[in-house]
2 protein chains.
Amino acid sequence: MKESMRIGDLTQRAGVTHRTVRYYESIGLIPSGEREGNGQHYYTEETVARLRKIDQLKKLGLSLEEIRDIIDLYFYDQSGVQPKQKVLTILRQHLAEADQKIEGLQQFRADIKANIERFEQWFKEREQH
Amino acid sequence: MKESMRIGDLTQRAGVTHRTVRYYESIGLIPSGEREGNGQHYYTEETVARLRKIDQLKKLGLSLEEIRDIIDLYFYDQSGVQPKQKVLTILRQHLAEADQKIEGLQQFRADIKANIERFEQWFKEREQH
DNA sequence: GACAAACATAACGTTAACGTCATGTTTGTC
DNA sequence: GACAAACATGACGTTAACGTTATGTTTGTC
């Protein structure tokens, strides 16, 4: 039962710094985790998952503001037909964007690799005088 | 023969502002295009292509500094007098980074897809009363 | 050759996304 | 219960990637 953890564990598990966590709290990207009494903040597994998802979305090219607008749809089930339709639309959009980006990166990767091989070839030929 | 154009045409064709062009010149991302005499800058088709390529690479998540490391590979006939061993090292780093990014995005893509299917399933079941 | 539009240069400003530093409090361990 | 490690809060700093403002010069058209 790791019911809750403090910021040290959180940052380590999510791979972020404590300043990132505080910043995200301050802009409402993640819940603040404050508890009464001692002034300590306590977090759960969900916060870890949220931070990881945020990182993924960032890599997709979304700003934190954009992420804030949609992050909940990855964690909370919308009830009702219309909200669900809306979520589905956004998810499909993200899927398409991810596909595009993956494709672009694969092309980029191929370009880089071709160049690497070109250089390696150059060194090889030079070696043999 | 559009041998050369001035900054107005350049920015329009490449879809950037003149400040972006100046900034890129200042950090050595594109040649400065200065000519003697009148103080005007003249650019060619290659500059347009360069700007577009830069934009493409930015969308993949590369910083301008990273782009500067590799942009010439897309336009120059390498060989210049560049330190090839160094370029090769940089290229290998970029290859590794690209692989990581691709992997991350594929994981993300899989998550989204699972999510989408979950929603579709929900709609399907509901359809059948 | 007058004159507006396009251009050049310089300096300061801005925004996102955190980092760093300073200082005081809580927790956990001996 | 002493004490180091972990944590909290606040204020100021930083970096990338440009934007904005101000002022003077060139170009192209009538």
Side-chain angles (χ1 to χ4, degrees), chain A residues 1-44 47-48 50-71, chain B residues 1-44 47-48 50-71 94 97 101 104:
Chain A
M1 304 256 176
K2 39 180 89 163
E3 237 306 284
S4 71
M5 62 190 100
R6 293 193 312 178
I7 198 162
D9 287 339
L10 177 67
T11 56
Q12 199 173 351
R13 301 209 36 212
V16 300
T17 73
H18 95 274
R19 273 304 276 124
T20 299
V21 172
R22 295 286 178 249
Y23 180 58
Y24 287 1
E25 286 178 351
S26 81
I27 63 172
L29 244 181
I30 59 175
S32 136
E34 251 179 315
R35 273 200 203 162
E36 290 191 27
N38 52 9
Q40 300 284 98
H41 293 230
Y42 295 89
Y43 308 90
T44 70
T47 318
V48 177
R50 253 181 117 87
L51 286 171
R52 288 185 178 150
K53 186 57 81 180
I54 289 170
D55 193 49
Q56 283 183 331
L57 291 168
K58 274 184 60 184
K59 282 180 180 154
L60 191 60
L62 302 200
S63 70
L64 295 184
E65 197 180 346
E66 290 172 314
I67 293 173
R68 186 179 47 193
D69 289 344
I70 55 122
I71 182 85
Chain B
M1 302 251 180
K2 40 180 90 165
E3 238 305 287
S4 70
M5 61 190 101
R6 293 193 313 179
I7 198 162
D9 287 339
L10 177 67
T11 56
Q12 198 172 353
R13 302 209 37 215
V16 299
T17 73
H18 94 276
R19 273 303 277 126
T20 300
V21 173
R22 295 287 179 250
Y23 179 58
Y24 287 0
E25 287 178 351
S26 81
I27 62 172
L29 243 181
I30 59 176
S32 136
E34 253 179 312
R35 272 198 202 161
E36 291 192 24
N38 53 9
Q40 300 284 99
H41 293 229
Y42 295 90
Y43 307 91
T44 71
T47 317
V48 177
R50 254 179 114 91
L51 286 171
R52 288 186 178 150
K53 191 56 155 181
I54 290 169
D55 193 50
Q56 207 186 334
L57 293 173
K58 273 184 60 183
K59 281 178 182 156
L60 294 183
L62 302 205
S63 70
L64 296 184
E65 198 183 344
E66 290 173 313
I67 293 172
R68 190 179 43 193
D69 285 348
I70 54 146
I71 184 84
H94 283 300
E97 270 176 47
K101 277 184 190 173

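Just so it is clear, the values below take in all heavy atoms, side chains as well, and ignore hydrogens, waters and symmetry mates. Naming convention: chains lettered A, B, ... in sequence-line order (proteins, then strands); numbering from 1 in each chain.
Within a 6.0 Å sphere centred on CD of B:Q12, heavy atoms belonging to other residues, nucleotides or ligands number 12 at most.
Within the 4.5 Å cutoff, no side-chain heavy atoms of B:K53 are placed close to those of B:R50.
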| Could you walk me through whether B:T11 and B:T17 pass the side-chain contact (heavy atoms from CB on, under 4.5 Å) check? | CA-CA 6 Å; B:T11 56; B:T17 73; 5.8 Å; no
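No side-chain donor-acceptor contact under 3.5 Å links A:Q56 and A:K59.
For the pair B:R68 and B:I27, the tightest heavy-atom approach, listed with the atom from each and the gap, is NH1-O, 2.9 Å.
In this structure, CD in B:E97 is found 12.5 Å from CG in B:L60, a value given to the nearest 0.5 Å. With values rounded to the nearest 0.5 angstrom, A:I71 atom CD1 is found 5.5 Å from A:L57 atom CG. For the atom pair OG1 of B:T20 and CG of B:L64, the computed distance is 9.5 Å after rounding to the nearest 0.5 Å.
One atom, CD of A:E25, and another, P of D:dC7, lie 13 Å apart when rounded to the nearest Å. Rounded to whole angstrom, the span from the CZ atom of A:R22 across to the P atom of D:dG10 amounts to 11 Å. Whole-Å rounding puts the B:Q12 CD to C:dA6 P distance at 10 Å. Here D:dA6 presents its P atom at 18 Å from NE2 of A:H41, a figure rounded to the nearest Å.
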| So what does the secondary structure string of DNA chain D come out as, 5' to 3', with Watson-Crick or wobble pairs under 3.5 angstrom, [ ] for crossing and | for pairs with another strand? | ||||||||||||||||||||||||||||||
| note | For nucleotides 11-30 of chain D, 5' to 3', base contacts (B), sugar-phosphate-only contacts (S) and non-contacts (-) with protein non-hydrogen atoms under 4.0 Å give ------BBBB-----SS---
